[in-house]
J.: 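The structure under discussion is supplied below as structure tokens; questions concerning it will follow.
Residue numbering restarts at 1 for every chain, and letters A, B, ... go by the order of the sequence lines.
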Amino acid sequence: MGRSTDAGLDELLTDLSEPQREAVTHTDGPLLILAGPGSGKTRVVTRRAAYLAATVTEPWHILAVTFTNKAAREMQERIAALSPGEGMTVSTFHALGARLLRIHHDRAGVPPNFTIFDTDDRRKVIKQAIEQCDLSTTNWQPAVVEREISLAKSTMLTAEAYAIEETDWRQRTIARIYEAYEALMTNMAGLDFDDLLMRVALLLGRDSELRDRLEDRYRYVLIDEYQDTNAAQYRIAQLLTQQRRNLCATGDPDQSIYGWRGADIGNILRFEGDFEDARVVRLEQNYRSTKRILSAADALIAGNMQRKEKTLWTDNADGPAVRAVEYDTADEEAHSIAAEFAVLSRQGANLSDTAVFYRVNSLSRVVEEALIRSGVAYQIARGVEFYRRKEIKDVLAYLRVMVNPADALSLLRVINTPPRGIGATTVKRLVAVAEAAGRSVLDLITSGDDLSALGRSAAKVGEFGELWGKLADVLDWPAAKAIEHVVSHSGLRAFYKPVTDAEGGPGRNIDELISAAADFHKQQPDATIRDWLEHTALVSDVDAVESDTGSVTLMTLHAAKGLEFDNVYMIGLEDGLLPMRRFDEDESEDTEEERRLCFVGMTRAKRRLTLSRARYRTSRGSAARTVRSPFLDELPRGEIEWVGGDDRTSRRDDVGMADTSKGLPPDIEQWEVGTLVRHPTHGLGRIMSMHRGAKRTHVDVEFQEGGRRSWVLEFANLVRVAFDEVD
DNA sequence: AATATTCCCGTTTTT
DNA sequence: CGGGAATATT
């Protein structure tokens, strides 16, 4: 056993509540930890891992799986602090998948040096696939097809399986695209995010020998955030624990917020059905939040119908009232919050413990601007965005082709970046020649063939071939050094030089990339460039969040899961935003997930929670009036301090527009963004925006039959339609 | 072939 | 409003 002194064991069990101790000391057999927010789940999980290592197994027999790198890193650190010994595996699902596919590539039927294609790459390949099928990308929107394929993969439907399941013409067509997409990806030795899960699930399902080996290696498996697992992840968890059945799942159905990407809340609800002898531990005492925050959150989540009853309670102080603030405009909202931060900061408060959450990334902009103006330091959780920047993708593309010469997507990106006289037509010819010769483009370029078929561009291509010869041997270098080399010899550095010094300019970003690579190398000296690329492909937004920076943290509600802050601001509590509503979807189903999302956000707060909303918000250009989020109305009146005029009857309805009322519909007060309307010739539509000028009211209506039109409301023959009148 | 210009349309959320 | 793509210009 890793460590077994009695003193050590006692130490692992101190300061635990009864249910916590029960979970920690449960060693063999299925265990479900239903952990409410702030219930000390991480503490239980880390102690349990150390406990297992100290009593029944060795550290290297323990596998813990999380959803983000940040979570994995933190879990690793906290377990390490309990010194259970070396060798435990703590990983994200996707990183684990990549690693297993790498090691067992022959069994999995994937190329050994596959590279991971991110969503941008995947989008491009899907577009290619659609075009290859002679379909138009207007009728078959890449984003829609991408989503469909992604959801198929998350339920382990391969292209073949999907084709068999065909039900209608639409699906049959998507099946064709799916197959074309897979063929392209295979050609390029690329795997997408969903492959990392699907292929592992399928591999484990059919290869019992490998399964046995893995089961012997990973005898105790922990899956964190089990409520957010999709079918493939669920399958992996089951397959890894078939014989020993030492699966410990932790999670909270009330915090399931990834249904939209295939997560199945049923996985956690079904746990006791899957394992009849499962031990279930409920952690319901909250150690994080004040009574007021907890009861507000609890009241909100109680509005969900499909849910396991749960009693959250805390011994913590009442704390200050939860605030609900209504502002007139989003600017005002942002500036007011920024001003509060400025005051706190002046009072010497540490803003590391403060966060702003929002439903959609686009809301960060107003807040950022306000914070800059007020001189408040902030950080934004957006690790992914960094790696999506042009210049960064340019650099990475070079490395990708080196690691995986089949990666034509990256090669075509790189071949004329920076511009070196190889234009679109030349590239097209090059691809055609390669195809005719049955060889790869890179092969063609680098093997010194006769390229005269390319006309006068042949020389340029030849030069690129030479350049490539000089670049390609950095493959074994540490990533930072390799990037430095590539950047200077490819001409990228010089190309970006003119803008290089600008704040956040391309040159600076490349420098940042280099130092990130250097950090990586320091932490994992044995890692190859391929490992580094994999690492960059699998970052999440939260991964970029640092603690103790002294600055306010801005992030989406999704990114906030699992974190906690003293002082939390949630903005944009508006109908249609939070809860988010899309126009083509039936509404009831998603509202519960939206409510959970709101619940997640609220329960991040330890001491102070402020929810706010703006009566007018500018989105993509034009300002539109908003409707207060129904979630605000679901909060217990007594616990909430309302600021800025609370309900619908106050102020906004009597702002001087008296003389415009002439031609307006009689029920104009009930019209707002989202209202359904009928037009004599255009049919049923929905108001997308509403603009009240001094004299005229303008509306923007999107019609069910397609199309979008704007009118001056006084002159449009629009009639309001109630939801229940719609067939 | 490279750069300048206009136009179009829209991401919810993320590994 | 702003990025990306189609289109115009040099």
J.: Could you tell me whether A424(A) contacts a base, only the sugar-phosphate backbone, or nothing, with contacts defined as non-hydrogen atoms closer than 4.0 Å?
T.: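 The residue A424(A) makes sugar-phosphate contact but no base contact.
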J.: Who passes side-chain contact (heavy atoms from CB on, under 4.5 Å) against T138(A), sequence neighbours left out?
T.: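 Per chain and number, T138(A) pairs via side-chain contact (heavy atoms from CB on, under 4.5 Å) with S136(A).
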J.: ring-ring contact (aromatic ring centres under 6.0 Å, His included) for F93(A) and F67(A)? Distances and angles first, verdict last.
T.: CA-CA 6 Å; F93(A) 258 114; F67(A) 274 80; 5.6 Å; yes
J.: Side chain of M580(A): nearest nucleotide among dT13(B), dT12(B), dT15(B)?
T.: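 Comparing dT13(B), dT12(B), dT15(B) against the side chain of M580(A), the answer is dT12(B).
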J.: Give me the distances for all protein-to-nucleotides 1-9 of chain C N/O pairs that come in under 3.5 Å?
T.:
none

J.: Measure from the side-chain heavy atoms of N416(A) and tell me the nearest of dA1(B), dA2(B), dT14(B).
T.: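 In terms of side-chain proximity for N416(A), the closest of dA1(B), dA2(B), dT14(B) is dA2(B).
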J.: From C-beta outward on V360(A), which listed nucleotide comes closest to its side chain: dT12(B), dT15(B), dT14(B)?
T.: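 Looking only at side-chain atoms, V360(A) lies closest to dT12(B).
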J.: Between dT15(B), dT13(B), dA2(B), which one does the side chain of H558(A) approach most closely?
T.: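 Looking only at heavy atoms from C-beta outward on H558(A), the closest nucleotide is dT13(B).
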J.: Nearest to the side chain of N361(A) - dT12(B), dT15(B), dT14(B)?
T.: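 Of dT12(B), dT15(B), dT14(B), dT14(B) is nearest to the side chain of N361(A).
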J.: For F114(A), enumerate each residue passing the ring pair (Phe, Tyr, Trp, His ring centres under 6.0 Å) test, keeping only those at least two apart in sequence or located in another chain.
T.: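 Partners of F114(A) by the ring pair (Phe, Tyr, Trp, His ring centres under 6.0 Å) criterion come out as none, since no residue qualifies.
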J.: For a quick check of understanding: with a heavy-atom distance under 4.0 Å over all strands, which category does D194(A) fall into, base, sugar-phosphate or nothing?
T.: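 Counting heavy atoms under 4.0 Å across all strands, no contact is made by D194(A).
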J.: Is the distance from OP1 or OP2 of dA1(B) to the nearest side-chain N or O of T425(A) less than 4.0 Å?
T.: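 T425(A) to dA1(B) OP1/OP2: side-chain N or O found under 4.0 Å.
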J.: Can you tell me how the ring of H558(A) sits relative to the ring of W260(A), calling it parallel under 30°, perpendicular over 60° and tilted otherwise?
T.: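 H558(A) vs W260(A) ring planes: perpendicular.
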J.: Which residues pass the side chain to side chain donor-acceptor pair (under 3.5 Å) test with R102(A), not counting sequence neighbours?
T.: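 Partners of R102(A) under the side chain to side chain donor-acceptor pair (under 3.5 Å) test: E534(A).
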J.: Going by 5.5 Å between centroids and 30° between planes, is there a stack of W260(A) over dT13(B)?
T.: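 Per 5.5 Å and 30° rule: yes, stacked.
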J.: Which of these nucleotides, dT14(B), dT15(B), dG10(B), is closest to any side-chain atom of Q141(A)?
T.: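 Of the options given, the side chain of Q141(A) lies nearest dG10(B).
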J.: For dT14(B) and T556(A) - does any side-chain N or O of the residue sit under 4.0 Å from the phosphate oxygens OP1/OP2?
T.: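 Checking dT14(B) against T556(A), a side-chain N or O does come within under 4.0 Å of OP1 or OP2.
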J.: Pairs in or reaching into residues 253-267 of chain A: which pass salt bridge (charged side-chain N to carboxylate O under 4.0 Å, His left out), with residues at least two apart or in two chains?
T.: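 Every salt bridge (charged side-chain N to carboxylate O under 4.0 Å, His left out) pair that includes a residue of residues 253-267 of chain A, provided the two are not neighbours, is D254(A)-R307(A), D254(A)-K310(A), D264(A)-R270(A).
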J.: Only pairs under 3.5 Å count here: list side-chain donor-acceptor contacts from residues 422-430 of chain A, not counting sequence neighbours, and write none if there are none.
T.:
| from | atom 1 | to | atom 2 | distance (Å) |
| --- | --- | --- | --- | --- |
| T426(A) | OG1 | S457(A) | OG | 3.1 |
| R429(A) | NH1 | L454(A) | O | 3.4 |

J.: Hey, does the side chain of T426(A) come within less than 4.0 Å of dA1(B)'s phosphate (OP1/OP2), counting only N and O?
T.: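 It does, given that an N or O in the side chain of T426(A) lies less than 4.0 Å from OP1 or OP2 of dA1(B).
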